Amino acid sequence: QVQLVESGGGLVQAGGSLRLSCAPSGGTISPYAMGWFRQAPGKERDVVASISWSRGSTYYADSVKGRFTISRDRAKNTVYLQMNSLKPEDTAVYYCVADHSYRGGSWDSWGQGTQVTVSS
């Protein structure tokens with residue numbers, strides 16, 4: 001139902017930083033939560049980080065704790081992923097997701113994916 005548009009991916013050296021942004025393409029109600037998945041070649045698509053919309057409660061995968069920060073702008077229904085100290089193993093297609101269910105539990109909207117490549 002809701003189309004998400006991502007930006008900010010690209011090529012960066014190991015140890016560098018990138019900031020991903022994601023927002024709906026049109027007007028929409030506030031989600032229950034938004035987040036980011038990623039998928040590397042030959043691997044499953046896994047959650048990187050998520051944030052609840054009301055209180056900003058965050059979740060991070062162990063592999064990115066201390067390096068990535070998720071945040072949101074509730075006025076624009078926009079979610080950000082600040083990625084610092086990037087490693088080659090962070091290379092993946094990153095997908096923005098949104099949950100518009102009543103109490104959460106379902107990622108019902110997905111972005112097209114944006115490539116993040118970290119070179120050694």
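The shown structure was predicted, so the numbers you read here are calculated from the model rather than taken from an experiment.
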| Interatomic distance, Trp36 atom CH2 to Thr114 atom OG1 [nearest 0.5 angstrom] | 7.5 Å
| Are Tyr95 and Leu20 connected in the hydrophobic side-chain network, where two residues link if heavy atoms are under 4.5 Å apart? | no
| note | All heavy atoms of Tyr94 vs all of Arg38, minimum pair found to be OH-NH1, 2.9 Å
| task | Specify the closest pair of heavy atoms between Ala23 and Thr78, including all atoms of both residues, with the distance to one decimal. | result | CB-OG1, 3.4 Å
| said: Nearest 0.5 angstrom please: Tyr60 OH to Leu81 CG, how far? | reply: 7.5 Å
| Does CD belonging to Glu89 count more than 12 external heavy atoms closer than 6.0 Å? | yes
| request: Please assess Val116 against Asp90 for the test side-chain contact (heavy atoms from CB on, under 4.5 Å), listing each intermediate value before the final yes or no. | output: CA-CA 8 Å; Val116 171; Asp90 295 317; 5.5 Å; no
| request: Answer yes or no on whether Arg72 is positioned over the face of Tyr80, meaning its NZ or CZ is under 6.0 Å from the six-membered ring centre and within 45° of the axis. | output: no
| Basic-acidic side-chain contact under 4.0 Å: Lys65, Asp62 | yes
| field | Qualifying side chain to side chain donor-acceptor pair (under 3.5 Å) pairs, either residue in residues 5-20, two or more places apart | value | Glu6-Gln112, Ser17-Asn84
| note | Value for NE2 (His100) from CH2 (Trp107), rounded to nearest 0.5 Å, stands at 10.5 Å
| said: If hydrophobic clusters are built by linking Ile, Leu, Val, Met, Phe, Trp and Tyr wherever their side-chain heavy atoms come under 4.5 Å apart, do Val93 and Val47 end up in the same one? | reply: yes
| remark: Residues Val5 and Ser25: closest non-hydrogen pair is CG2-CB, 3.9 Å
| request: Taking all heavy atoms of Cys96 and all of Met34, pick out the closest pair and write down the distance. | output: SG-CE, 3.7 Å
| Which is it for Ser106 and Asp108 under the side chain to side chain donor-acceptor pair (under 3.5 Å) test, yes or no, and what are the steps along the way? | CA-CA 6 Å; Ser106 179; Asp108 50 75; 4.8 Å; no
| Do you know which two heavy atoms are closest between Gly104 and Asp99, and how far apart they sit? | CA-OD2, 3.0 Å
| task | Assess the pair Trp110 and Phe37: is the distance between their ring centroids shorter than 6.0 Å? | result | yes
| field | Shortest non-hydrogen contact from Ala14 toward Ser120 | value | CB-CA, 4.5 Å
| message | Run the side-chain contact (heavy atoms from CB on, under 4.5 Å) test on Ile51 and Tyr59 for me, step by step, so that the C-alpha distance in whole Å, both residues' side-chain angles and the decisive distance to 0.1 Å come before the verdict. | response | CA-CA 6 Å; Ile51 185 167; Tyr59 164 85; over 6 Å; no
| task | Please tell me if the side chains of Val12 and Ser119 come closer than 4.5 Å, counting only heavy atoms from C-beta onward. | result | no
| query | What's the spacing between Gln82 CD and Ile70 CD1 if we round to 0.5 Å? | reply | 12.0 Å
| field | Between OH on residue Tyr32 and OG on residue Ser50, distance to nearest 0.5 Å | value | 10.0 Å
| query | To the nearest 0.5 Å, how far apart are OG in Ser21 and CG in Leu4? | reply | 12.5 Å
| message | For Val118, is there any backbone N or O sitting under 3.5 Å from a side-chain donor or acceptor partner on Thr91? | response | yes
